[in-house]
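In what follows, chains are A, B, ... by sequence order, proteins preceding strands, each numbered from 1.
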2 protein chains.
Amino acid sequence: MRLSLVPDNNRLIRKLESIFTLADDERQVLENLPMQVMGIKADQDIVRQGDRPSRSCLILSGFACTYKVTAGGKRQIVSFNLPGDVPDLQSLHLQVLDTSIGTISPCRVGFIPHEVLRDICERYPRLAAAFWRETLIDAAIFREWVMNVGQREGYQRIAHVLCELLVRLRAVGLAEDHACDLPITQGEFADAIGLTTVHVNRMLQQLRANGLIELKGDRLKVLDWDKLKAAGEFDPAYLHLERQEAAA
Amino acid sequence: MRLSLVPDNNRLIRKLESIFTLADDERQVLENLPMQVMGIKADQDIVRQGDRPSRSCLILSGFACTYKVTAGGKRQIVSFNLPGDVPDLQSLHLQVLDTSIGTISPCRVGFIPHEVLRDICERYPRLAAAFWRETLIDAAIFREWVMNVGQREGYQRIAHVLCELLVRLRAVGLAEDHACDLPITQGEFADAIGLTTVHVNRMLQQLRANGLIELKGDRLKVLDWDKLKAAGEFDPAYLHLERQEAAA
DNA sequence: CGAATTGTTGACATACCTCAAGCCCAGTGG
DNA sequence: CCACTGGGCTTGAGGTATGTCAACAATTCG
């Protein structure tokens, strides 16, 4: 555990800049975000449901996920957290966490005190809006996931999640056009799309057999993007990645 | 369609006040929210996916829902919107709507221009935070819904939604302790929890047979709240209704 | 009062689950 | 360097929750 005043949080900056141009002072604030940086092993909780955190965590590298656990002990992953994400930004205004956040692969995580964030929001209204916006995009993703598990069949569900992951990774510079590292296990996919690991396995094989993807070890290659998109009924609009245009 | 400067948006005020005490000027701003009030029949869209609205809508009375439609034409309701809700508050920062919002019963809806909201956010930081918080609670509900459709069986799912609706209605003064008006059709429940209307019907009958509820016409009576909560594994924490306590 | 929407029921089909075994591969320790 | 271990992946057989289709009953509403 070490303190750092020059953390490499360029994924977050990159995400925000894809939305609007940062002024020099705004960019500087982000580049010098005071945070406590920590390395965390795979499969560890970063924060837990019920916690009342006084800081938010920024994923600097690695894969994490937000999840809830059923009374019966079943786990639902409600979101994959990628570098540049601040998966518990909500705790700035909601005191008690209603989800846990855990690592999937080894991660580097930066913890930013809420006071710091509040201070920034006060002084840089555009950054406040940008943070708010980030939480709204999270919400949009949750909505799409409700639809995914509620209305689509297994085959479509996986196709959809794979599409989402590839596009989001691309947005933070962690994917080539049609390939990316993806250290997500079939069991984790299962918990994310509400199927069993057995069934996930079978659906993945079908995707492979149909020539849509190649998925081996931690590596995903999309062989036929159009077909994969079609299979998952994937329309990236809900990710709100497009630049803010002047309103009509 | 008429303009009103003294709209009865007390449900919203009530919700916000349950979180923190409003200052006089803040309360006055809310009481005098300039909005265009409109009566809308049942089963009409208020706004549509793809729209770029320049105002947000406040549900004044009646039931509405936020939904998405699959490429295959299946509808997923991702949220029920009750009086006091501003279901597209997000459009303040996300230009393109990724969902449609439609009425379930006849509604009175107030449209508030974005400029008005932005102006309030600038001048009343605590109200800005409160609005942000509202969108965060929406997100928390979406997360719970992902879990509901992803991990729970039909019987549990309905129990859960019924619990949520009753608690939320209570929070805005629209329910007695264990009963409320509920003009939601079985087909709508089906679209909300990812089942068919036939199966919803069977699960409801089971809930009735087990003595948990009475549901007839537009009226829900919960006969055994503890059992219903248990059946749906319902824990209201995710609704974040508790008062903001001083941080530890 | 008729017409439409909603609720109910039955018979049958299927996507997905459960259990259980075997395989592959990376890491570890002797 | 090899044997061992454990996690993840794969496969098969059989079971169940839920879907589909189709008819009919009960309500609501104009």
Tell me the interatomic distance from [X], atom [atom1], to [N], atom [atom2], rounded to whole angstroms.
X	N	atom1	atom2	answer
B/Ile193	D/dG19	CD1	P	9 Å
B/Arg152	D/dT18	CZ	P	13 Å
B/Gln206	D/dT18	CD	C1'	13 Å
A/Glu214	D/dC9	CD	P	16 Å
B/Met203	D/dG19	CE	C1'	12 Å
B/Arg219	D/dT27	CZ	C1'	19 Å
A/Asp43	D/dG8	CG	C1'	12 Å
B/Glu153	D/dA17	CD	P	7 Å

So [X], base contact, sugar-phosphate only, or nothing? Heavy-atom distance under 4.0 Å.
X	answer
B/Leu204	nothing
A/Gly217	nothing
A/Lys216	nothing

By nearest atom, which of the nucleotides [options] is closest to the [X] side chain?
X	options	answer
B/Leu195	C/dT18, D/dT18, C/dC16	D/dT18
A/Arg202	C/dT9, D/dG19, C/dC17	C/dC17
A/Asn201	D/dT11, C/dG7, C/dC16	D/dT11
A/Arg157	C/dC16, D/dT18, C/dT8	C/dC16
A/Val198	C/dC19, C/dG7, D/dT18	C/dC19
A/Gln205	D/dT20, C/dT8, D/dT11	D/dT11
B/Thr185	C/dC17, D/dG19, C/dT6	C/dT6

TODO: Taking only Lys NZ, Arg NE, NH1 and NH2, and the carboxylate oxygens of Asp or Glu, determine whether B/Arg208 and B/Glu214 approach each other closer than 4.0 Å.
DONE: no

Please check if any side-chain donor atom of [X] sits under 3.5 Å from a side-chain acceptor atom of [Y], or the reverse.
X	Y	value
B/Arg55	B/Gln36	yes
B/Thr66	B/Asn81	yes
A/Asn148	A/Arg152	yes
A/Asp138	A/Ser79	no

- [ ] Give, ordered by number, those residues of residues 64-81 of chain A having at least one heavy-atom distance below 4.0 Å to an atom of DNA chain D; if nothing qualifies, reply none.
- [x]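 Those residues: none at all.
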
Shortest non-hydrogen contact from [X] to [Y]?
X	Y	value
A/Gln49	A/Asp98	NE2-O, 3.4 Å
B/Ile59	B/Gly62	CG2-O, 3.6 Å
A/Cys65	A/Phe80	CB-CD2, 4.2 Å

Looking at [X], does any N or O in its side chain come under 4.0 Å of the phosphate oxygens OP1/OP2 on [N]?
X	N	value
A/Thr196	C/dC17	yes
B/Arg208	C/dG7	no
B/Gln186	C/dT5	no

TODO: Check for a donor-acceptor pair, side chain of A/Asp235 on one end and backbone N or O of A/Ala237 on the other, with a separation under 3.5 Å.
DONE: yes

Open item on the list: Using a 3.5 Å limit on both distances, find every run of at least three consecutive Watson-Crick or G-U pairs that involves DNA chain C.
Closed with: C:1-30 with D:1-30

Open item on the list: In terms of relative ring orientation, are B/His160 and B/Tyr238 parallel, tilted or perpendicular, with 30° and 60° separating the classes?
Closed with: parallel

- [ ] Using the test side-chain hydrogen bond (donor to acceptor under 3.5 Å, both in side chains), find all partners of A/Gln205 that sit at least two apart in sequence or belong to another chain.
- [x]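 side-chain hydrogen bond (donor to acceptor under 3.5 Å, both in side chains) check on A/Gln205 returns A/Asn201.
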
